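Take a look at the structure set out below.
Nothing here was measured: the structure is a model prediction, and the numbers come from that model. As the structure lists them, so they are numbered: ligands from 1, and atoms in each ligand from 1.
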Amino acid sequence: MTRKLGMRGNQHLGLCTYGLYAYDSVWLLARALAAFFKQGGNISFSKDPRLKGNGGRLRLDSMSVFDGGNLLREMIFKTEMTGVTGPFRFTSDRDLYRPAFEVINMVGTGFRRVGYWSNYSGLSVVPPESLYSKPPNISSSNQRLHRMIWPGQETDTPRGWVFPNNGRQLRVGVPKRVSFQEFVGQVAGDDGDDMFRGYCIEVFTSAVYLLPYSVPYKFLSFGDGLKNPDDTDIVHVITEGVYDAVVGDIAITTNRTKMADFTQPYIESGLVVVVPVKELSSSAWAFLRPFTPPMWAITGIFFLVVGAVVWILEHRMNTDFRGPPRKQFITILWFSFSTLFFAHKESTVSTLGRIVLIVWLFVVLIINSSYTASLTSNLTVQQLSSPVKGIESLLASNDPIGYQLGSFTHNYLIQELGIRASRLVPLNLPEDFVDALRKGPRNGGVMAVVDERAYMEVFLSTHCEFSIVGQEFQKNGWGFAFRRDSPLAADLSTAILKLSESGELQKIHDKWLMRSACTSENTKLEVDRLELKSFSGLFSICGTASFLALMVYFALLACQYKRHYYSNSDQSSGGGGGGGTGGSRSGRMRTFLSFVDEKEESVKSRSVKRKEMEDSRGSSIGGGDASSMNGSY
Ligand code: SER
């Protein structure tokens, strides 16, 4: 009744009888035989001389057959008994009723029980009898065994069988790169073997380790070691049967997917344009950069307008804002621009003037702080020293474009973007990139370099005089290539996704590709100028406050003038003294303007005097009242 499940060297995991099935089996056979005889069965054994042939060989065809076998089998299946292991009987399907086994872990010559198996509850760590009272649960989450000890005294579950590759190692082609060896680089191996290291290699080995089976492989280098090999060529070698797979910085392109099966991409890349940049901070007009020209213009106009409004509001009651016209004009300019530094010396005495001034000072505060912040950030800005702003401007020009030798970029630029092949300059090493970009198109260099972002990020981390311009204009990713229909492509894709989800992929990336040698990584290429629309709210508030203040001021002024004008008219008609009013429209306007220009104090003192005169006249003729001219605005 013992069945072995599998073998691991000299150790194996097995199922053995639970309890004493062997004892019960003998007991069962005895009972069945008793029933057999009761039914008239007969067993007899006799020696058959025909079994021995010539030369002493056995003649099996002359063996007798036991005629009562069917009856005996029927009696066995009908037998029901309680043995030492409990109830013992067969189901209608002639299976043992509720069979139960111990699961044992063979370790060397000994064994240990790791659980039980029954057809009622499956694998469990508790004896099946205690489960019969509960509803059966054979869900996979309920299947449990104690920890196994595997060959080599390991407690980790072995990853399984060997990948079926006819017993030979997987031949993995790897490009022998001469630049950007952070991705793939050859190192000296033992016994002349090709050994590689780098980001792509570590992603591959980590993904292979996650496969549920072992994959023996060996790396075979591709390329002459003098220039970067063409990655399309190395993928093509798969179709010739030389390699089973290709591992490296292989971009997944349509052309290549026709030759091989690719895994999921393990890194995103895409084509970008790289051009030279230069520092902008040397400009003599750098101080003007924070604001756009309309913003400067409107700010200047507001300084003058607010100065004029405050002058209007203060002129009648503040000696600081009075005097000869030239002096007043200078006062307006000086007052308004000194508010920029909160350094205005002229006091404001009118309520309306103070309201306008406080709103304006708030606006000045915001403008000042924004200017300071923007100027600080702008002083670290770099400026493009090339007219190329992205792939569009590169397409529009006729200048030479650099690309990395061996990359799919060459074909992409010609076939997809329609760039003439004569414009494309192959560059092998990062030093060639630097040289060509520094020389520029007029001295035999290139206008820009087009390459994958992955390489360019590594390149730019140590070459701050260049920068990526514009957006990534082509998206792709790198994957591992396998022969068509290889199951490894799908399994490695799953493994890559696992690496990505566990964060391992990012760690490998950071280990090989994170560089921060260049401090200009955070510099910007575009000047973020503060625009007028960012301040339109502030200017509206200030403009509205000034307008309302002027309206209130003129309304009060009109009232005051009216009273003044009519009392003067009364006096004139009554034969009294006072200022002449003039009868014509221009005369009235002149009177009004001279009233506006007149100091308020003199108007008031004149009214007081007039009131006193009226009072004295009124008391002589019997009293009377006159309205007060007092008003503060
Ligand atoms: N990654 C580039 C390509 O796949 C260059 O190796 O063509």
Side-chain angles (χ1 to χ4, degrees), residues 172-186 194 196-204 219-239 243 245-274 391 401-417 419 421 424-433 436 449-460 468 472-482 489 492 496 505 508-509 512-513:
V172 181
V174 185
K176 197 171 175 177
R177 288 196 63 89
V178 293
S179 63
F180 299 113
Q181 297 197 350
E182 297 86 346
F183 296 100
V184 188
Q186 191 167 22
D194 287 336
F196 287 88
R197 61 201 285 276
Y199 170 72
C200 307
I201 301 295
E202 191 166 337
V203 172
F204 176 72
F219 289 135
L220 302 168
S221 69
F222 180 88
D224 57 11
L226 299 173
K227 56 182 183 352
N228 292 324
D230 189 322
D231 281 357
T232 306
D233 289 348
I234 189 172
V235 175
H236 187 258
V237 174
I238 294 182
T239 61
Y243 299 146
V246 170
V247 166
D249 52 338
I250 316 291
I252 305 171
T253 63
T254 316
N255 195 18
R256 293 173 186 172
T257 51
K258 288 176 188 157
M259 302 181 215
D261 282 354
F262 277 84
T263 60
Q264 290 280 328
Y266 57 88
I267 184 172
E268 284 204 1
S269 196
L271 294 179
V272 290
V273 179
V274 171
I391 188 64
I401 302 169
Y403 72 94
Q404 193 184 152
L405 189 66
S407 170
F408 75 97
T409 317
H410 177 262
N411 285 350
Y412 182 85
L413 293 178
I414 294 173
Q415 290 164 9
E416 304 296 329
L417 301 186
I419 294 176
L424 300 180
V425 180
L427 304 169
N428 198 26
L429 301 171
E431 296 78 63
D432 300 338
F433 285 49
V449 164
V450 172
D451 203 353
E452 288 176 82
R453 180 181 280 281
Y455 302 114
M456 288 302 96
E457 278 175 356
V458 173
F459 174 72
L460 294 176
I468 292 173
E472 199 172 82
F473 61 91
Q474 186 265 1
K475 301 261 179 212
N476 70 38
W478 295 354
F480 304 126
F482 288 89
L492 268 187
I496 288 170
L505 199 58
I508 300 172
H509 177 275
W512 290 99
L513 306 177

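For Lys475, the side chain to side chain contact (heavy atoms under 4.5 Å, CB included) criterion is met by Glu472, not counting sequence neighbours.
Side-chain contact, Asn476 with Thr253: no donor N or O sits under 3.5 Å from an acceptor N or O.
Protein residues with any heavy atom under 4.0 Å from ligand 1: Arg177, Asp231, Asp249, Ile250, Ala251, Arg256, Gly406, Ser407, Phe408, Glu452, Tyr455, Trp478.
The SG atom of Cys200 sits 7.0 Å away from atom CD1 of Ile267, with the distance rounded to the nearest 0.5 Å.
Aromatic rings of Tyr266 and Phe480 (six-membered ring for Trp) have centroids within the 6.0 Å cut-off, being under it. Aromatic ring centres of Phe408 and Trp478 lie farther apart than the 6.0 Å criterion allows.
Note: Phe433 and Phe180 have perpendicular aromatic rings, judged against thresholds of 30 and 60 degrees for the angle between ring planes.
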